[in-house]
Amino acid sequence: MRRPFIAGNWKMTQDRASAVALASGIAQRVGAGNGVDVAVCPPSCYLDAVGQALTGSAVGLGAQNMYHEPKGAFTGEISAAMLLDVGCRYVILGHSERRHILGETDADVNKKVLAALAAGLVPIVCVGETLDEREAGKTLDVIRTQFTGSLAGLDAGQMKQIVIAYEPVWAIGTGKTATPEQAEEVHFDLRKIMVDCYDEAVGQTVRIQYGGSVKPDNAAALLSQPNIDGALVGGASLDVDSFMEIIAGAA
Ligand code: PGA
């Protein structure tokens with residue numbers, strides 16, 4: 001049985017006070033024994049403060065990005081070791097906003113995934129098609145290319161440590177959610193790709209989150225699909241009540 005995993009992607013929102021208040025509110029309400037893994041991913045400048053607000057709670061801390069080099073003259077970048085040092089357990093890699101707005105390629109994401117794993121972080125690796133790609137019938141090709149490119153060179157043991165997030169680009173921040181059936185179809189295929197590229201054990205172990213306009217009123221239907229193991233939540237993770245309702249939908 002794969003343990004459900006709900007993560008909040010706060011993107012470039014919040015100030016210090018609101019980030020700490022949001023983290024504290026979630027930390028107070030997430031119990032250790034509800035059978036769901038929960039994490040929040042604040043902007044990097046608030047990781048330390050949010051990590052302190054989460055101390056002693058069941059909520060994990062994640063970053064939204066990192067650089068693959070361990071240290072050196074890389075102005076503006078943050079390493080895996082720095083993320084661990086401020087208490088991160090997770091790092092989102094290859095989010096579609098980084099791919100499409102900041103120009104990250106599968107090869108860039110691959111270097112980051114390998115560096116994150118080597119340092120002991122759990123990468124949440126995002127894949128997803130654009131609307132044009134879906135309408136051209138290319139969804140599964142795009143997913144397969146992103147999967148093989150972003151995860152090149154991982155052995156079966158490393159694969160089992162990662163989390164995949166399927167986030168159709170057309171559903172992110174738009175209010176248009178993939179239907180549970182549309183999402184399940186891609187999750188099923190992702191699992192099949194993992195069985196093809198690795199083995200049955202990898203295919204059955206790796207958790208695949210869905211992301212893209214997950215809200216309290218659609219979370220339970222998405223999360224009840226057999227191959228959807230959690231959610232990567234943007235907008236609806238910025239309010240304690242709505243994030244808690246989504247977590248309840250996974251329990
Ligand atoms: P959204 O964002 O829930 O606001 O659509 C999801 C994401 O980008 O991870």
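If you're wondering where the values come from, they're calculated on a predicted model, not measured in any experiment. Here, residue 1 is the first one in the sequence, and each next residue gets the next number. Order of listing sets the numbers, starting from 1, for every ligand and every atom in it. In what follows, every heavy atom counts, from backbone to side chain, and hydrogens, waters and symmetry copies are set aside.
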key: Polar side-chain atom of Glu245 near backbone of Pro216 as donor-acceptor pair, under 3.5 Å   = no
query: Would you call Glu97 and Lys11 a salt bridge, taking side-chain N to carboxylate O under 4.0 Å as the test?
result: yes
Handout entry: Close side-chain approach of Gln146 and Val125, heavy atoms under 4.5 Å
Key = no
Result for salt bridge (charged side-chain N to carboxylate O under 4.0 Å, His left out) between Arg144 and one of Asp196, Asp189, Asp106 points to Asp196
Note every protein N or O atom lying under 3.5 Å from an N or O atom of ligand 1, pairing the names and giving the distance.
from     : atom 1 : to     : atom 2 : distance (Å)
ligand 1 : 2 (O)  : Lys11  : NZ     : 3.3
ligand 1 : 3 (O)  : Ser213 : N      : 3.4
ligand 1 : 3 (O)  : Gly234 : N      : 2.9
ligand 1 : 4 (O)  : Gly235 : N      : 2.9
ligand 1 : 5 (O)  : Gly173 : N      : 2.6
ligand 1 : 5 (O)  : Ser213 : N      : 2.8
ligand 1 : 8 (O)  : Lys11  : NZ     : 2.7
ligand 1 : 8 (O)  : His95  : NE2    : 2.7
ligand 1 : 9 (O)  : Asn9   : ND2    : 3.4
ligand 1 : 9 (O)  : His95  : NE2    : 3.3
ligand 1 : 9 (O)  : Glu167 : OE1    : 3.3
ligand 1 : 9 (O)  : Glu167 : OE2    : 2.7

Ring pair (Phe, Tyr, Trp, His ring centres under 6.0 Å) pairs touching residues 89-109, sequence neighbours excluded, are Phe5-Tyr90
query: Can Arg3 and Asp229 be counted as an ion pair, charged N to O under 4.0 angstrom?
result: no
